[in-house]
Amino acid sequence: MDKSLKHECGVFGVFGHKEASNLTYLGLHALQHRGQESAGIAVVDERTMRVHRQMGYVADIFDATILDALVGSSAIGHVRYSTAGGSVLKNAQPFTVETRRGNLAVAHNGNLVNAERLRQDLEDKGDLFYTNADTEVIAHVLARHKKGSLEERVGRVMRRIKGAYSFVMLAGEKLIAARDPQGYRPLVLGRLGDAYIISSETCALSLIGAKFEREIEPGEVVCISDEGVTSSFPLGKTKKEKVQQCIFELIYFARPDSHIFDRSVYAIRKQFGVRLAQESNVPDADCVIPVPDSGVVAAMGFAETAQIPYEMGLIRNHYVGRTFIEPTQQIRHFGVRLKLNPVEELISGRSIIVVDDSIVRATTSRKIVSMLRAAGAKEVHMRISAPPILWPCYYGIDTPERSQLIASSHSVQEICEYIEADSLAFLSQEGMMETAQGTTGGFCDACFTGNYFIPPDEITAPAEVSLYEN
Ligand code: SF4
C-alpha cells in the first residue's frame with residue numbers, strides 16, 4: 001500500500017505488577033506499528049502519578065534511567081499517530097489531568113466525531129484546553145462529572161462522546177478500559193500471573209508472556225482494582241448487527257500475529273488472498289509476488305489457491321526511516337526503490353501477479369509496476385486483497401480527502417491504465433464481507449461503501465445543549 005492510510009494509535013495498560021513501566025515499554029514496542037510519532041507511559045504509585053512522553057519511536061524515547069524513574073505497580077502507555085490534533089509533543093499521550101479526586105491519566109485510540117462540539121461547549125463553560133487532542137476532551141468531560149464512582153462517571157462520559165474509541169485510564173487505585181458501543185477499535189484483556197494487562201492487540205500480550213483472557217466487548221467498561229475486575233455496559237449491550245468493527249484492522253492495520261475481533265489476523269488475511277484468487281486468478285502467470293510487508297499474507301493465500309509459485313520478488317529495506325531526506329537534488333528519484341527492490345532473476349521474462357492490500361492514490365502501485373517492467377517482467381497483473389477505497393474514514397484512520405482517493409473518481413480499468421499494469425482486480429465487497437464474517441458482530445466498511453454508521457452530517461451537526469452536570 002502507498003501508506004496514505006495511517007494507523008491511528010495503540011494503547012496498553014498494566015495493573016498490579018511491580019515492573020509495570022517496563023512491561024508497558026515492551027507492550028508499546030509490540031504496538032509500534034499503530035503509531036510512530038510519539039509515545040508515552042504514565043504510572044501510578046499509591047497516589048503519585050508520573051508520566052514521560054516524547055516524540056519519536058518507543059526505542060528512542062525510553063531508556064533504563066527513564067523507566068527506573070517511572071515507579072509504580074499500575075501503568076498505561078500509548079503510541080500515537082496524529083489523526084486528530086497536530087503532531088506535536090503537547091498532544092502526546094497519555095494525557096494527565098489533576099482533578100479534585102486526584103490525578104487522572106488517559107490514553108485513547110480512535111477518533112471522537114463530536115470532539116470539536118464538545119470542546120466548544122466546554123470552552124463556553126470556562127474550561128481551558130492545553131492540547132487539541134480528543135483525549136483531553138474525554139478527560140474534561142470526565143472531570144465535569146463529579147458524582148458517583150469512577151466507573152459510573154466513565155459511563156456518563158460514554159453517553160456524551162460519540163465515535164470510535166478504545167481507551168485506558170489510570171485514576172487512583174483503578175485501571176479502567178473502555179470500548180465504544182460500536183467496537184470500532186480492538187481492545188483485549190490479558191493476565192500475567194496476578195497482574196492484569198490491557199492492550200490494543202494480542203501481539204503485545206505474547207511479547208510479555210501474558211495470557212489472552214478475552215476481548216473487551218463493544219460498549220463495555222472494565223474496571224480493575226485490588227478487588228478484582230468488574231464489567232459494565234453503561235449504554236447497554238450492543239446488538240451484534242450494530243457492532244462496527246473496523247474491517248481495515250483485518251486487512252492492514254493490525255499485526256498478522258494478533259488475534260482481534262475473535263479472529264486470527266493472519267488467517268483472515270490469508271483467506272482474503274484465497275478469495276481474491278478464486279475471483280480473479282491469472283492462470284498462466286509464472287509466479288505470485290507480494291508487495292512486502294502489507295501484501296505478504298494475502299499473496300500466500302492467493303498463490304496456494306491458484307497453485308502458482310510464490311516468490312519474494314520484491315525485497316523491502318526495513319531500515320529506511322520515515323523522515324528520510326534524499327541527499328541531493330541531483331541524485332533524487334530513488335523513488336520506491338529506497339524501500340523496495342526487485343529480484344531480477346525472479347522477474348525477468350516472466351508473467352507476474354503482484355498482490356497488495358490496497359490502493360489509495362495509486363502512485364506507489366504505478367512505481368512498482370514500472371520497477372518490475374524495468375526488471376524485465378513480461379506481464380504485470382496487480383491484485384488487491386480489498387475492494388477499492390472510495391470514501392474517507394471518520395473513525396480514527398487518517399485517509400486523504402475523497403478527491404485524493406483514485407478509486408473515487410476512476411474506474412478499475414482507468415486505474416489499471418494509470419498504473420500501467422496488464423490487468424488489475426480488487427477483492428469484491430461480497431468477497432471481503434463473507435470472508436470476514438464471524439462471531440463478534442458486524443464490520444464497518446464505510447471507506448468502501450460510504451455507509452457510515454454515524455453519518456457525516458451528524459458529525460458536523462450543531463452542538464447539543466446541556467451536556468454536563470455543573
Ligand atoms: S471507514 Fe474504513 S478505516 Fe474507517 S473504521 Fe470504517 S472500515 Fe475502518
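Values in this document were obtained by computation on a predicted structure and should not be read as measured data. Along the sequence shown, residues are numbered consecutively beginning with 1. One-based numbering, in listed order, for ligands and for the atoms of each.
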Worksheet item: How are the rings of Phe248 and Phe448 set relative to one another: parallel (under 30°), tilted (30 to 60°) or perpendicular (over 60°)?
Response: parallel
Worksheet entry | Test applied, side-chain contact (heavy atoms from CB on, under 4.5 Å); reference residue, Ile76; option that passes from Val14, Val168, Ile41 | Val168
Item to complete: Validate the cation-pi geometry between Arg179 and Tyr165: distance from NZ or CZ to the six-membered ring centre under 6.0 Å, angle to the ring axis within 45°.
Response: no
Item to complete: Assign the ring pair Tyr395 / Tyr452 to parallel, tilted or perpendicular, where the plane angle (0 to 90°) is split at 30° and 60°.
Response: perpendicular
Item to complete: Mind checking whether Arg185 contacts ligand 1 via backbone (N, CA, C, O), side chain (CB onward), both or neither, at a 4.0 Å heavy-atom cut-off?
Response: side chain
Worksheet entry | Pairs touching residues 404-432 that satisfy salt bridge (charged side-chain N to carboxylate O under 4.0 Å, His left out), sequence neighbours left out | Arg373-Asp422
Discussion item. Could you check whether any side-chain N or O of Arg263 sits under 3.5 Å from a backbone N or O of Ala436, counting only pairs where one atom can act as donor and the other as acceptor?
Written reply: yes
Practice prompt. Give me the protein N, O or S atoms that fall under 2.8 Å of atom 2 (Fe) of ligand 1, sorted by chain and residue number.
Written response: Cys447 SG
